[in-house]
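The structure appears right after this line, and notes come after that.
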Amino acid sequence: MIRNLYDHLNKQFGYDMFRIGQEEVITSVMEGKHTLAVLPTGTGKSLCYQLPGYLLKGIVIIVSPLLSLMQDQVEQLKINGEKRVTALNSFLDPRERNQIIQNLQNYRFIYTSPEMLTNNGVLQKLKQIDISLFVVDEAHCISQWGPDFRPDYLNLRTIRSELNNPTTLALTATATEDVRADIIEHLNLYDVNQLVYSVDRPNIALVVEEAANYSDKVKKLLQFVKQLQKPGIIYFSSKRLTEEMAALLRNNGIAQSAAYHGGMDREQRILIQQQFLHNQLQVICATSAFGMGVNKENIHFVIHFHMPYQLDSYLQEIGRAGRDGKKSIAILLYSPGDEFLPLQIFENELPSDYQIEQFYLLNNNSSDKASLLNLTEIQLRFLTYYQNKYDKSEVEKHVKRIRDMRIQYKQNKLNEMIKWVKSTTCRREGILHYFQEQKVNNVTDCCDVCGVDIINYQTAFQDTIRSQNENWRLMLKNLLIRGDEE
DNA sequence: CGAAACTCCTCTATAGGAGTTTCGGTGCGATAGT
């Protein structure tokens, strides 16, 4: 069997060796064990189900959180010569979609979303085919998004049971013990084989830099971005700021900068991401919308202008740096008061007592209720999702309880984040402690507490000269081309 | 919470100050209407 694995690794994917954890995960699912794998960012998680896909006789279903992620993976497999692969989602027009649903048994890999699986027609069809492996990619989304933002993630438990409990593989790069427990609970994975590898990325230095106020923060940001070895990502928690700062950077000599956030057109988002991947952009100013599925080797810094709402997200976001193994740096800018914005968001995103009471009292249709009670899309979905989970007489009580628990949960997560930002002990140890790990790697440029030599991360003098030359060449070329056109 | 956007007001001004309200991340799928 082991021999067989290596043969296929070589034949199908052209590799001679497995990366950390891959062989263990593959062996586990090949033995038919439900498996929860936490593999560090950038270790090639997709191979863990793609290779078994060639050895098992049935079909592999992959539940993925993003359409773009599905499209990428499908394309990748097609480039590798796989024809029996598809993404069943809303990109398809209704005719195509029906065609695929009618012919599901002919595929080897089917990518899809939790929302699509909730569609009864799709589920009925899936029940008729032989599924050898049910994969939940980016499985932390179950815990992070399921309870409010995308409740269909919580349906996966029922869907798995409807599909007769197929062998299941949950994959993620970050999961604390609680998140793992959440994943197991929501997928109903009794008897699960947990393969958990260290989340530590020793080549990423961790720095928290305190700024006195907003304008000081902007000043520091500019300074860092000018000096640091690019490409890099800057995270903000406001869409407006991503655009303002991208413009500010461009006006300050960092020409290849662009914004990216969820409010932009799909085409625009794809374009920016592609330009970044192909080194036509050096700096991306983004909200948390940017990053999942961004497999770029040479990202050398990740700066947080605002802190994320939990350490789990922080680790996901900085984990996009240094995949080439080179020294990279993560800098979090903090100024007093930064923590109030997320707290306020948590308190307002879910429905109020009044909204809950009225929603279950009124007999209007749901869109009328939404406008009457001034409900946001998320509030409406939250109220609707739990409506059928409880008896009418008790629903109000339970929904209030779930809301309070959810707010509390998010506040606790945020508090852990704040505690880490304000701590005066080793940052790496702090993060590893949060993930129930011990620090084992002896890191030279570890964190701002242990000491980091920022010069190691700055653009080398030679690089500056080279890129200036390139810029000149580019400018000349543009001038010449423009001259031709006119 | 704190910043920005909006509304209202002024000795009827087309500017600007005061007061008030809104907004702040994440995305699937279906639908309405070009």
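Lettering follows sequence order; numbering is per chain, from 1.
- Among the protein residues, A/Pro114 comes within range of no part of the nucleic acid, since none of its heavy atoms lies under 4.0 Å from any strand.
- If you check every strand for non-hydrogen atoms under 4.0 Å, A/Glu377 touches a base.
- As the counterpart of B/dC11, no nucleotide is assigned, since no Watson-Crick or G-U wobble pattern has both distances under 3.5 Å.
- In this structure, B/dT14 shows a glycosidic angle more than 90 degrees from zero, which is the anti conformation.
- Remark: B/dA3 base-pairs with B/dT22; criterion is Watson-Crick or G-U wobble with both hydrogen-bond distances under 3.5 Å.
- Taking 4.0 angstrom as the limit, A/Lys239 places none of its side-chain polar atoms (N or O) nearer than this to OP1 or OP2 of B/dC23.
- The residue A/Gln144 sits apart from the nucleic acid: no heavy atom pair falls under 4.0 Å.
- Residue side chain A/Phe149 meets the stacking definition with respect to B/dT26: its ring centre sits within less than 5.5 angstrom of the base's six-membered ring centre, and the planes differ by less than 30 degrees.
- Out of B/dG27, B/dG29, B/dC1, the shortest distance to the side chain of A/Gln344 is found at B/dC1.
- How far CZ of A/Phe382 is from CD of A/Glu377: 15.0 Å, rounded to the nearest 0.5 Å.
- The listed nucleotides are B/dT26, B/dG24, B/dC1; the one nearest the side chain of A/Phe340 is B/dC1.
- Among the heavy atoms of the strands lying under 4.0 Å from A/Ile378 is at least one base atom, whether or not backbone atoms are also near.
- Shown here for A/Tyr334 and A/Glu339, the closest heavy-atom pair between the two residues is OH-OE1, 3.0 Å.
- Note on A/Arg240: every side-chain N or O is 4.0 Å or more away from OP1 and OP2 of B/dT22.
- The backbone N or O of A/Pro65 lies less than 3.5 Å from a partner atom in the side chain of A/Arg150, making a donor-acceptor pair.
- Only the C1' atoms considered, B/dA32 is 25 Å distant from B/dT26, to the nearest whole Å.
- Remark: the separation of the P atoms in B/dT22 and B/dC28 is 29 Å, to the nearest Å.
- At B/dC28, none of the side-chain N or O atoms of A/Ser113 fall inside 4.0 Å of OP1 or OP2 (strictly under the cut-off).
- Checking B/dG29, B/dA30, B/dG27 against the side-chain heavy atoms of A/Asn119 singles out B/dA30 as nearest.
- In this structure, OH of A/Tyr235 is placed 19 Å from C1' of B/dG24, rounded to the nearest angstrom.
- Nearest nucleotide to the side chain of A/Ser90, out of B/dG29, B/dT26, B/dC28: B/dG29.
- Base pairing annotation: B/dA30 forms no Watson-Crick or G-U wobble pair, as no partner gives both donor-acceptor distances under 3.5 Å.
- Following rounding to the nearest Å, A/Glu349 (CD) and B/dT22 (C1') show an atom-to-atom distance of 17 Å.
- With rounding to whole Å, A/Leu343 atom CG is found 9 Å from B/dC1 atom C1'.
- Checking the phosphate oxygens (OP1, OP2) of B/dT26, no side-chain nitrogen or oxygen of A/Ser313 falls inside 4.0 Å.
- At most 12 non-hydrogen atoms from other residues, nucleotides or ligands lie less than 6.0 angstrom from CD of A/Gln99.
- For the pair A/Asp312 CG and B/dT26 C1', the computed distance is 14 Å after rounding to whole Å.
- Rounding to whole angstrom units, NE2 of residue A/His261 and C1' of B/dG24 are separated by 13 Å.
- Checked against the 6.0 Å centroid criterion, the rings of A/Tyr309 and A/Phe346 qualify as a close aromatic pair.
- The phosphate of B/dT26 (OP1 or OP2) has a side-chain N or O of A/Thr287 nearer than 4.0 angstrom.
- For A/Asp137 and B/dC28, the CG to P distance is 14 Å, given to the nearest whole Å.
- Rounded to a whole angstrom, the distance from the P atom of B/dA18 to that of B/dC11 is 15 Å.
- Of the candidates B/dC28, B/dT26, B/dG29, the closest approach to any side-chain atom of A/Leu66 belongs to B/dC28.
- With both ends at atom P, the span from B/dG29 to B/dG33 equals 22 Å, rounded to whole Å.
- A salt bridge links A/Asp148 with A/Lys410; the closest basic N to acidic carboxylate O contact falls under 4.0 Å.
- The distance from atom CG of A/Asn348 to atom P of B/dT26 is 17 Å, rounded to the nearest whole Å.
- Test A/Asp182, A/Ile159, A/Val136, A/Leu154 against A/Leu187 for side chain to side chain contact (heavy atoms under 4.5 Å, CB included) and you get one pass: A/Val136.
- Taking the six-membered ring where the residue is Trp, the centroids of A/Tyr314 and A/His304 are separated by under 6.0 Å.
- Residue contacts shown for A/Leu67 are limited to sugar-phosphate atoms, with no base heavy atom under 4.0 Å away.
- In this structure, CZ of A/Phe346 is placed 12 Å from C1' of B/dT26, rounded to the nearest angstrom.
- Put simply, A/Arg97 has a side-chain N or O that comes within less than 4.0 Å of OP1 or OP2 on B/dA30.
- Within the nucleic acid shown, A/Asn89 comes within 4.0 Å of sugar-phosphate atoms alone, with no base atom in reach, counting heavy atoms only.
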